[in-house]
Amino acid sequence: KQEVTQIPAALSVPEGENLVLNCSFTDSAIYNLQWFRQDPGKGLTSLLLIQSSQREQTSGRLNASLDKSSGRSTLYIAASQPGDSATYLCAVGYNTNAGKSTFGDGTTLTVKP
Amino acid sequence: DAGVIQSPRHEVTEMGQEVTLRCKPISGHNSLFWYRQTMMRGLELLIYFNNNVPIDDSGMPEDRFSAKMPNASFSTLKIQPSEPRDSAVYFCASSSRTANYGYTFGSGTRLTVV
C-alpha cells in the first residue's frame, strides 16, 4: 500500500524567504505526482503535475522536483509572500488504469509580513 | 471548460433526511473520484469510477452512503439517512489519461447535518 508523508505538518516563515516543502512516498513505482494548494474553506487547486519520467516542473515562483529512487518530491517556493499562506498537499498516482492517487496530509504554510 | 462542477455548494439538513450531492466532471475525463474532508480525518477517498463503472468503493463508510454514475457527465453521492457525523466537505474530482491523470477538483459541497 502506498503511503505518502508530508513533513513538517506546519511551517511559518518571514516574507521573502525561499522555502522547501517535502513529500515522501513508499512505493517508487509511481505514475505521477501532483502538488495542490488549499486555502481555508476552499477547494484544492492544482499547482504542478510531474510525470514519472520527469525530474521537475516549474511554474512562476514554484518548482517541484521528483526523485523516484529515493521516494521524494520537493516543492520549492521562491521569495515567499503572505499570499502563499495555505495548505499544500502532494498526491502520488500509482494506478494507471483509473488514475487513482494517494494524498499526503499536507503542510500548512504561514508567511508572515 | 468550466471545470468540475459540484452542487449544491452548501447543504444544511436535519438528521435522518436524505442528501444528494451532484458532480459534473470535465468533459472527456473518464475517471471520477468522490472525497470527504474533515479536520479530524483529512481527505478520504470514498469511491471512484472509471468509464462510469465503480472501481473501488471500499472507502464508503456505511451502507447509508451510495454513489452512482449513470453517464459520463454526471455522478451523485447520496446519504440516506444522514447523521451529524456526516458533516464534512465533499469533493468531486476527475481525471483522464489525456490529462496525464492529473486531478481537477470541484469547489466542494459543505454539508452540515443538524
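By convention in this document, chain letters (A, B, ...) are assigned in the order of the sequence lines, proteins followed by strands, and residues within each chain are numbered from 1. Note that the structure is predicted; figures quoted are calculated from it, not measured.
The heavy-atom pair separating Asn32(A) from Asn100(B) by the smallest distance is ND2-O, 2.9 Å. Contact record, Gln38(A) with Phe91(B): NE2-CZ, 3.7 Å, taken as the closest heavy-atom pair.
Contacts of Ala99(B) with chain A are made by backbone atoms alone, with heavy-atom separations under 4.5 Å and no side-chain atom involved. Only the side chain of Gln37(B) comes within contact range of chain A, with heavy atoms under 4.5 Å apart. Interface remark: Asp56(B) contributes side-chain atoms only to the contact with chain A (heavy atom separation under 4.5 Å).
No more than 12 heavy atoms of other residues, nucleotides or ligands sit less than 6.0 Å from atom CG of Asp63(B). Few gaps surround CG on Asn63(A); more than 12 heavy atoms of other groups in view lie less than 6.0 Å from it. The environment of Glu62(B) atom CD is dense: over 12 non-hydrogen atoms of other residues, nucleotides or ligands sit within 6.0 angstrom. Within a 6.0 Å sphere centred on CZ of Arg72(A), heavy atoms belonging to other residues, nucleotides or ligands number 12 at most.
Contact tally against chain A (heavy-atom pairs below 4.5 Å) for Gly108(B), Gly102(B), Gly42(B): the top residue is Gly102(B).
For the pair Lys100(A)/Tyr103(B), a side-chain contact is recorded, criterion being any heavy-atom separation below 4.5 Å from C-beta on.
Two rings, from Tyr94(A) and Tyr101(B), have their centers 6.0 Å or more apart.
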Between Thr102(A) and Leu45(B), does a side chain to side chain contact (heavy atoms under 4.5 Å, CB included) hold up when you go through it step by step? CA-CA 9 Å; Thr102(A) 299; Leu45(B) 177 63; over 6 Å; no
